[in-house]
Amino acid sequence: MRSAPSAARKYWLMKTEPDVFSLQDLTARPGQRELWDGVRNYQARNFMTNDMKVGDLVLFYHSNADPSGVAGIAEIIEPALPDPSAWDKNSEYFDPKSTPEQPRWFCVAVGKPQLFKNFISLDELRTHAALQEMLVLKRGQRLSIQPVTPQEFDYVCALGMKS
DNA sequence: GCCAACGTTGGC
DNA sequence: GCCAACGTTGGC
């Protein structure tokens with residue numbers, strides 16, 4: 001069956017520091033599922049609450065790494081829910097302004113990790129004309145969740161999976 | 001660990 | 001609602 005345009009799958013790039021949580025870590029999680037908690041930026045939050053849908057696909061980006069780059073892909077497997085780390089006093093993501101009654105921060109669940117055969121470094125991304133508009137390549141772009149076009153997603157995937 | 005870029009906070 | 005100070009991100 002054909003999906004309505006409003007239900008069209010969207011594509012994202014999500015940054016994580018692999019020392020903290022890597023794509024390999026996601027693969028090792030029970031059910032290969034993890035909450036994408038700790039997002040404390042309104043623009044990134046709004047992407048999760050307003051635009052992300054279950055089934056959207058994600059370029060899984062390792063930042064602050066050696067080298068940084070796209071390690072593989074994952075999928076949004078649960079829609080946004082209040083981020084429980086915000087009201088956990090022991091969490092580094094604790095935010096007293098967020099409460100269970102009035103949550104300020106939200107998180108989606110990611111799963112279905114697929115590690116690329118080829119890690120696509122930031123340097124390599126820069127060499128491809130088709131990828132020049134990717135936000136992650138823009139100077140000073142710090143958003144931890146970024147939209148990518150279907151074309152960019154497919155292109156990076158092809159690079160990552162080719163032998 | 002440096003530092004440019006940029007988001008957030010808070011005094012006014 | 002301006003904007004300086006401060007904090008964070010993330011490549012290098």
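Naming: A, B, ... by sequence-line order, numbering from 1 per chain.
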Fit a plane to each ring of His62(A) and Phe119(A), take the angle between them on a 0 to 90° scale, and name the class: parallel (under 30°), tilted (30 to 60°) or perpendicular (over 60°). tilted

Go through dA5(B), dC12(C), dG11(C) for me and flag the one nearest to the Ser63(A) side chain. dG11(C)

Select from Arg104(A) and Arg142(A) the residue whose nearest nucleotide in DNA chain B is closer to the 5' end of that strand. Arg142(A)

OP1 or OP2 of dC12(C) sitting under 4.0 Å from any side-chain N/O of Arg126(A)? yes

Regarding Asp123(A) and Ser121(A), is there a side-chain donor-to-acceptor distance under 3.5 Å anywhere? no

Separation of Arg40(A) atom CZ from dG10(C) atom P, in whole Å? 15 Å

Quick one, Asp25(A) and Glu34(A) - any side-chain contact, counting heavy atoms below 4.5 Å? no

Would you mind reading off the distance between Met14(A) atom CE and dT9(C) atom P, rounded to a whole angstrom? 15 Å

Leu137(A) atom CG is separated from dC12(C) atom P, nearest whole Å, by 10 Å

Quickly work out the Ile145(A) CD1 to dT9(C) P distance and round it to whole Å. 13 Å

5'-most contact on DNA chain B (nearest-nucleotide basis), Asn64(A) vs Gly140(A), goes to Asn64(A)

Take atom NZ of Lys138(A) and atom C1' of dG7(B), then tell me their distance rounded to the nearest Å. 20 Å

Just so I know, are the side chains of Pro147(A) and Leu135(A) near enough to count as touching, which here means a heavy-atom distance under 4.5 Å? yes

Atom CG of Asp19(A) and atom P of dG11(C) are separated, to the nearest Å, by 13 Å

So which nucleotide from dG11(C), dT9(B), dG10(C) ends up closest to the side chain of Lys15(A)? dG10(C)

Spacing of Asn41(A) atom CG relative to dT8(C) atom P, expressed in whole Å: 13 Å

Trp12(A) and Phe60(A) aromatic centres sub-6.0 Å: no

Is any side-chain N or O of Tyr61(A) closer than 4.0 Å to OP1 or OP2 of dT9(C)? no

Whole-Å distance separating the CZ atom of Arg139(A) from the P atom of dA5(B): 4 Å

